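Read the structure below first, then the notes.
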Amino acid sequence: MKKLLFVCFCLMVTSLQAQTWWGYWNTSMPREESTEALSGTTHCAIRITPDNALLIDGRIHGVRFWLSDKSVVTEASIWVSFRQFGSGGEPDMAVKTIAADDLKDLKHDGEPTVVMFDEPVDVLPASNRYANAYVGYTIRTSAACRMITAGRDISMGGHTCFVNWEHREAYDGPLALQLMVSGKRIGECSVAASPFDEQILSTGDMATVGLNLRSEGEAAVSSLDYEISIDGAKHGEGHVDLSQKMEELGVPFTLPVDVRLPDEPRRYNCEVKITRVNGEPNENAQPAASGALIALSQMPLKRTVMEELTGTWCPNCPRGLVGMHLLEQTYGDRFVGIAIHGGDSTEPMRLADYDGSSFARGVINRMGGRPSCAVDRTIDCDPYGGVGPYYEYGADVVVDWALQQKTVADMDVTARYADAAQTAIDVDVATTFRYSADVSPYQLMLVLTADSLTGEGDEWLQVNTLVGKTEYDAACDEFVNGERRMRLKYNHVPVYVDGVEDGIEGSIAHPLAADNPQHYTRRIDISRNELVQRKECVHAVAMLIDTRTGVVLNVAKGHVEGATDDISNIRRDATDAPRYYDLLGRPLPSPTRGLMIERTGDGLTRKVMR
């Protein structure tokens, strides 16, 4: 008897489980007609899998969907199927025919069609991790009918799972379709929180943290209470009444929360916990959002780098030469351009380690060819047009945006030839972080670039298809009025690179100490580097890379100075005794063993060995 009562109790609890609407599409999205009209028989469904964790051991009670025009619909049904069907098969779990009077549409009624199954359908048993189900509707139409969707490019990522709609979602967005669901994992008042992005501000500033939240309960969410902690200590609390209720299961929304940064410049771990939903305790197992807040002693100077993929054989690449020149004129040393030549075995300026890197291949694959570029490894764009038409100068818009991004460190690069023969270069990168932290997710990347590169062979001629084109801006007139193949001097060409993917291991030390410059030095041998044509036209570039994201946070560029510059500035005095200097031009108090530079009293300079 007790066992029977227990079973009855379990059945009663199951029947009282929370029921709510759920789908990849939600009513906060726009309702738009698909770009193409469909006719005949169309199956429209959502495929649910254990990835939809809230629905494990769940039940499907009904379906609602939005039609454009019901007058062309001759038959309709809702269904649940363990497998895809549509090629002569039938749904194998549940089917419910829709009476004509029960159909609703936007044209006549402005409402969705809502239909419930005669009995709830069990789906996604926890005992089967491979379980899945297709749930949706079928319509047969007498004329072409447009589906109702969320509109192009509003597709929810990772949910391309519509029967007979897989190839349409990328064009039209997710179908306007939802399921009435219940499940053991769906609570009454439940809101989940996800980690938030790292924020960079000055000490004492007010940070506005955008909490990424998701409704996972039956009750429509109308108010929230939260508690803020920093490094584990309570920092504040708050209450907010939502201007628009969250009435559907799984709907993501953002809640802005203000957090005052402490006065010490360092990295802080911040957590915002949703403690109550509609005044009731939050039932969710993931109620807290966490992230880093970086408080800086002062805001560093931000520079930006454009890494361009180009080539002499590339017929459209002349516009990249123009874009890079205009950007350098506009932004001076706050813009650093690198023209990565390659893509063809005959390319005379190809640096294999750079052009063949996964970074470069990724830009080419995403952009579809050359010229193309990455700005701070954050935005892929055209080096002339930016993100707009390629024939209208717009790369400055991208650079403007990049320069407005905040960074964590100031950077400075000094470089000089290590010997009088100029066969090696000593590079010093000073990185001054404006906050303290125990760990460092950063590394440096080093590049040597050269200007005024040229050659006599045909492979040095720039192929140019801009000739005679009328759509280009006047800035491109040199090539519009030029020849099909032009002999040029090429600038910003990388001749050496290290750390192109994730930076140079150990180039940034930790812990980080606020306002304390740390130096990374490197001697680079160029004795056999045939790409270095003019020693006075070489530059050293250092990039600060966030190894977690691959983003370039800052960049600095320095001209490589000559080894004897300091010696040439010494006052000549014929009565002086010989003076001695090391190979970097630094004065020595007395002669030492080894190779030195001697300056005699009559002003002559020579190398001597002792």
Side-chain angles (χ1 to χ4, degrees), residues 300-301 303-307 333-340 349 351-354 357 359 376-377 407 409-433 440 442-453 491-510 512 516-547 552-567 581-586 595 597:
L301 175 66
R303 300 184 184 93
T304 189
V305 61
M306 173 183 282
E307 296 169 276
D333 69 354
R334 294 195 69 192
F335 169 81
V336 177
I338 301 176
I340 308 166
M349 291 170 283
L351 186 63
D353 289 347
Y354 214 159
S357 66
F359 156 73
D376 287 347
R377 300 195 176 182
T407 187
D410 282 300
M411 295 185 70
D412 186 55
V413 173
T414 57
R416 62 186 309 113
Y417 287 103
D419 57 338
Q422 299 182 336
T423 62
I425 297 172
D426 284 330
V427 179
D428 180 278
V429 183
T431 309
T432 307
F433 289 92
S440 166
Y442 315 115
Q443 300 290 0
L444 295 175
M445 172 180 164
L446 284 181
V447 186
L448 294 181
T449 63
D451 294 337
S452 298
L453 270 63
N491 297 327
H492 316 294
V493 180
V495 298
Y496 168 89
V497 67
D498 191 12
V500 67
E501 304 291 2
D502 301 309
I504 304 168
E505 185 69 26
S507 54
I508 294 294
H510 60 272
L512 305 179
N516 184 21
Q518 58 170 276
H519 291 265
Y520 176 75
T521 59
R522 168 71 68 88
R523 175 164 291 185
I524 302 172
D525 183 0
I526 61 168
S527 59
R528 298 183 180 181
N529 194 323
E530 296 180 357
L531 289 176
V532 180
Q533 296 180 351
R534 298 177 58 183
K535 300 292 179 67
E536 72 274 19
C537 296
V538 181
H539 306 271
V541 176
M543 304 182 208
L544 181 64
I545 296 178
D546 187 328
T547 58
V552 176
L553 297 178
N554 214 346
V555 62
K557 178 180 178 180
H559 180 253
V560 179
E561 303 293 340
T564 59
D565 284 356
D566 289 343
I567 296 175
Y581 305 85
D582 66 15
L583 296 181
L584 294 179
R586 294 173 296 204
L595 187 62
I597 298 173

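Side-chain atoms are counted along with the backbone in the values below, which use heavy atoms only and exclude waters and symmetry mates. Note that the structure is a prediction, hence the values are computed from the model and not measured.
Here the CG atom belonging to Leu351 is positioned 9.5 Å from the CG atom belonging to Leu448, to the nearest 0.5 angstrom. To the nearest 0.5 Å, atoms CG (Leu301) and CZ (Arg334) are separated by 5.0 Å. Between atom CZ of residue Arg377 and atom CZ of residue Phe359 there is a gap of 4.5 Å, rounded to the nearest 0.5 Å. In this structure, Asp546 CG and Thr407 OG1 are separated by 9.5 Å, a value rounded to the nearest 0.5 Å. Put simply, OG1 on Thr414 and CG on Asp428 are 4.5 Å apart, with the number rounded to the nearest 0.5 Å. Between the CD1 atom in Ile526 and the OG1 atom in Thr423 there is a gap of 7.0 Å [rounded to 0.5 Å].
Among all heavy-atom pairs drawn from Ala509 and Ser440, the shortest one is O-CB, 4.2 Å. Across every non-hydrogen atom of Gln422 and Gly562, the tightest pair is NE2-CA, 4.1 Å. Between Ile425 and Ala415, the shortest heavy-atom contact is CG2-CB, 4.2 Å. Here the closest non-hydrogen pair linking Ala409 and Leu544 is CB-CD2, 4.1 Å. In terms of heavy-atom proximity, Val500 sits nearest to Asp353 at CG1-O, 3.8 Å. Across Leu531 and Pro494, no two heavy atoms sit closer than the pair CD1-O, 4.1 Å.
Here Asp376 pairs with Lys302, Thr304 under the side-chain hydrogen bond (donor to acceptor under 3.5 Å, both in side chains) rule; sequence neighbours left out. Judged as a ring-ring contact (aromatic ring centres under 6.0 Å, His included), and not counting sequence neighbours, Phe335 has no contacts. Not a single side-chain hydrogen bond (donor to acceptor under 3.5 Å, both in side chains) links Asn529 to another residue, sequence neighbours left out. In this structure Tyr442 satisfies the ring-ring contact (aromatic ring centres under 6.0 Å, His included) test together with Phe433, sequence neighbours excluded. His519 pairs by the ring-ring contact (aromatic ring centres under 6.0 Å, His included) definition with nothing, not counting sequence neighbours.
Under the 3.5 Å distance criterion, the side-chain polar atoms of His492 are left unmatched by any main-chain donor or acceptor of Val336.
Counting heavy atoms from C-beta on, the side chains of Ile508 and Tyr520 never come closer than 4.5 Å. The side-chain heavy atoms of Val532 and Tyr496, taken from C-beta on, include no pair separated by under 4.5 Å. Val497 has its side chain within reach of Met445: a pair of non-hydrogen atoms, C-beta onward, lies under 4.5 Å apart. Using a 4.5 Å heavy-atom cutoff, the side chains of Asn554 and Arg303 are in contact. Annotation: side chain of Val413 is not in contact with side chain of Val541 (no heavy-atom distance under 4.5 Å). Thr431 places none of its side-chain heavy atoms less than 4.5 Å from the side chain of Pro517.
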Side chain to side chain contact (heavy atoms under 4.5 Å, CB included) between Thr521 and Asp426, worked out: CA-CA 7 Å; Thr521 59; Asp426 284 330; over 6 Å; no
Begin with the C-alpha distance, continue with both residues' side-chain angles, and end with the deciding distance and a verdict on side chain to side chain contact (heavy atoms under 4.5 Å, CB included) for Ile504 and Gln443. CA-CA 6 Å; Ile504 304 168; Gln443 300 290 0; 5.6 Å; no
Candidate pair Met543 and Val447, rule side chain to side chain contact (heavy atoms under 4.5 Å, CB included), full reasoning: CA-CA 8 Å; Met543 304 182 208; Val447 186; 4.1 Å; yes
CA sep, side-chain torsions, deciding dist, call: Gln518, Leu512, side chain to side chain contact (heavy atoms under 4.5 Å, CB included): CA-CA 9 Å; Gln518 58 170 276; Leu512 305 179; 3.8 Å; yes
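Of the options Leu453, Val538, Val495, a side-chain contact (heavy atoms from CB on, under 4.5 Å) to Gln533 is made by Leu453 and by none of the others.
Screening residues 496-505 for salt bridge (Lys or Arg N to Asp or Glu O under 4.0 Å) gives Asp498-Arg522 as the qualifying pairs, with residues at least two apart or on separate chains.
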